[in-house]
Amino acid sequence: MFIVNSEKMKLKQVLKKTIYPKAPYNFDYSVHNPSHYPTPLVKYERGRLWFSFRFKEKLAGVKFIDKGEIDKPKIEATVYYRNKLDKTFEDELFRELDYRFQLQEDYSEFYKKFEKDKIAGKVIRKFKGMHNFCIKGLYEYLMIAILLQNATIKRTVQMTDSILKNYGDTINFDGVKLYSIWKPENLLKVSESELRSLKVGYRAKSFIRATEDYLKINEYSMRKLDNLELRKELLKIYGVGPASVDYIMTGVFHRNILNTIPPWEAKIYSKLIGLNTTNPKKIMELLDKRYGRYKSYVMGHLFMDISWKHKHKRIDWMEKLLPY
DNA sequence: CATCAGGGCCCTG
DNA sequence: CAGGGCCCTGAT
């Protein structure tokens, strides 16, 4: 017996605002990551992005339209909600969008240092203006991280679809229908066995325990922690281990770190840098030596490049490493 | 048909 | 700190 408590809402336009990111800003590279598995939480087209956005108890829809150029960036942002928002909330919402999309982040030091790098320079120039964005908040990302664990992409997609269908909220705006990850409180009304019936296996327990843990912490104050403290706090969350913590730190918290390289990524990295080893330790040594504290940016760029190429024209060896 | 490895993590000894 | 167990699915 399912408890159906998902919201289904049609939203209307309540606010339109122009955003001026810090140049250089490449819209498409800064709102879409083709290496992420497809979810019905976001819709992307060239120059356009729609996403569900739960912030401070309110579930809104947001549309971004690219109206600028890399050196003169400009985004038209439209917010959709049930009813008019008050000014304070609007300001907070845009401050949050600024954080999640790292709109004002300055990467000039990085470009100066590595734009001419023999290995990565070409790609860094090609992706100039890519900001390190993450549309999701901590809770949503936690759920995604659990869905990714110990599963192939295909299985992850299946589990995501069925859990969203049963417990996700849906919104309609601007002719687009999107899901949103449920409110954490609502998942606690669901029993572990109900979740298990969606074929998520032992992850059912993780969803629940991680939700309980999330409700005890405050992701906004965690942003002030340094890398070590933040890592320690995140690892306390049930279901978060060394692999997930790195994704969460670089994604949700925009920390510039690269601590562990999972084997499947090691294979990709080795190919990208042209190494003769797929040993994560060896790869890490090289990255440290050559790129120091910018190693995660460099790898981020190389990884983005191969993902975009793969998106447009399937690449054989990527196909093998990212089996659907 | 059986077996096994996946884009890990928890728990135990 | 190493290693077993865990859910399901598709490949062999």
Side-chain angles (χ1 to χ4, degrees), chain A residues 33-39 41-42 134 136 138-167 181 187 190-214 216-217 230-252 257-272 278-281 283-284 287 296 299-300 302-311 314-324:
Chain A
N33 184 342
S35 76
H36 288 176
Y37 80 94
T39 66
L41 304 166
V42 189
C134 179
K136 293 170 190 58
L138 176 58
Y139 182 67
E140 292 130 311
Y141 207 103
L142 276 173
M143 298 299 110
I144 300 288
I146 293 167
L147 286 161
L148 284 166
Q149 288 164 7
N150 213 21
T152 55
I153 306 275
K154 190 170 179 181
R155 178 139 141 78
T156 296
V157 170
Q158 280 173 0
M159 290 189 291
T160 306
D161 285 349
S162 72
I163 202 165
L164 281 177
K165 229 166 242 158
N166 283 279
Y167 303 110
I181 301 275
L187 194 81
V190 181
S191 72
E192 189 178 327
S193 59
E194 282 175 44
L195 285 175
R196 267 176 183 269
S197 71
L198 303 180
K199 302 184 175 185
V200 297
Y202 64 84
R203 295 173 194 80
K205 185 179 175 188
S206 304
F207 291 128
I208 294 171
R209 295 277 308 268
T211 300
E212 289 168 350
D213 290 345
Y214 173 81
K216 289 183 220 141
I217 60 181
L230 178 61
R231 188 185 165 83
K232 206 174 95 195
E233 288 307 305
L234 288 170
L235 285 171
K236 285 185 193 161
I237 301 170
Y238 188 95
V240 174
S244 303
V245 84
D246 275 5
Y247 290 133
I248 294 172
M249 293 211 20
T250 53
V252 179
I257 51 144
L258 184 64
N259 290 327
T260 48
I261 307 178
W264 66 281
E265 281 184 18
K267 288 178 198 160
I268 294 174
Y269 286 169
S270 136
K271 204 107 180 171
L272 294 178
T278 58
N279 179 336
K281 264 211 163 71
I283 296 178
M284 193 66 91
L287 293 180
S296 74
M299 295 323 287
L302 291 175
F303 200 76
M304 214 46 164
D305 186 39
I306 198 66
S307 305
W308 275 93
K309 282 180 179 155
H310 186 52
K311 176 190 174 88
R314 297 279 132 184
I315 294 164
D316 258 7
W317 60 266
M318 279 288 281
E319 206 79 60
K320 290 199 186 85
L321 291 171
L322 298 174
Y324 253 69

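Chain identifiers are assigned alphabetically (A, B, ...) following the order of the sequence lines, protein sequences preceding nucleic acid strands; residue numbering begins at 1 within each chain.
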Of all nucleotides in DNA chain C that come within under 4.0 Å of a heavy atom of chain A, which is furthest toward the 5' end and which toward the 3' end? C/dC6 to C/dG10
Mind checking what makes ring pair (Phe, Tyr, Trp, His ring centres under 6.0 Å) contact with A/Y214, not counting sequence neighbours? A/Y139
Whole-Å P distance, C/dC7 and B/dT12: 15 Å
Under the side-chain contact (heavy atoms from CB on, under 4.5 Å) test, which residues partner A/D213, sequence neighbours left out? A/K216, A/I237, A/Y238
Rounding to the closest angstrom, what is the interatomic distance between C/dA2 and B/dG7 at atom C1'? 22 Å
Just jot down the side-chain contact (heavy atoms from CB on, under 4.5 Å) partners of A/Q158, sequence neighbours excluded, or say none. A/K154
Separation between OG1 (A/T160) and CZ (A/R155), nearest 0.5 Å, reads 10.5 Å
By nearest-nucleotide position on DNA chain B, the 5'-leaning member of A/K205 and A/Y247 is A/Y247
P gap between C/dG3 and B/dA5, integer Å: 16 Å
In chain order, what residues pass the salt bridge (Lys or Arg N to Asp or Glu O under 4.0 Å) check against A/K309, with sequence neighbours excluded? A/D305
Identify, with sequence neighbours excluded, every residue that meets salt bridge (Lys or Arg N to Asp or Glu O under 4.0 Å) alongside A/E212. none
Touch check for A/R203, heavy atoms < 4.0 angstrom, all strands: base, sugar-phosphate only, or nothing? base
Suppose you measure atom P in C/dG5 against the same atom in B/dT3; what distance do you get, rounded to whole Å? 15 Å
Symbol by symbol from the 5' end, with Watson-Crick or G-U pairs under 3.5 Å, [ ] crossing and | another strand, DNA chain C is ||||||.|||||
Quick one: which residue pairs count as a salt bridge (charged side-chain N to carboxylate O under 4.0 Å, His left out) with a foot in residues 230-241 of chain A, not counting sequence neighbours? A/R231-A/D246, A/E233-A/K236
For DNA chain B, whose closest nucleotide is more 5', that of A/A151 or that of A/I237? A/A151
Does A/N150 or A/Q158 map to a spot on DNA chain C nearer the 5' end, using the closest nucleotide for each? A/N150
Applying salt bridge (Lys or Arg N to Asp or Glu O under 4.0 Å), name anything that partners A/R196, two or more places apart in sequence or on another chain. A/E192
With rounding to the nearest 0.5 Å, note down the distance linking OG in A/S206 to CD in A/Q149. 6.0 Å
Using a 4.0 Å heavy-atom cut-off across all strands, classify A/S206 as base, sugar-phosphate, or nothing. nothing
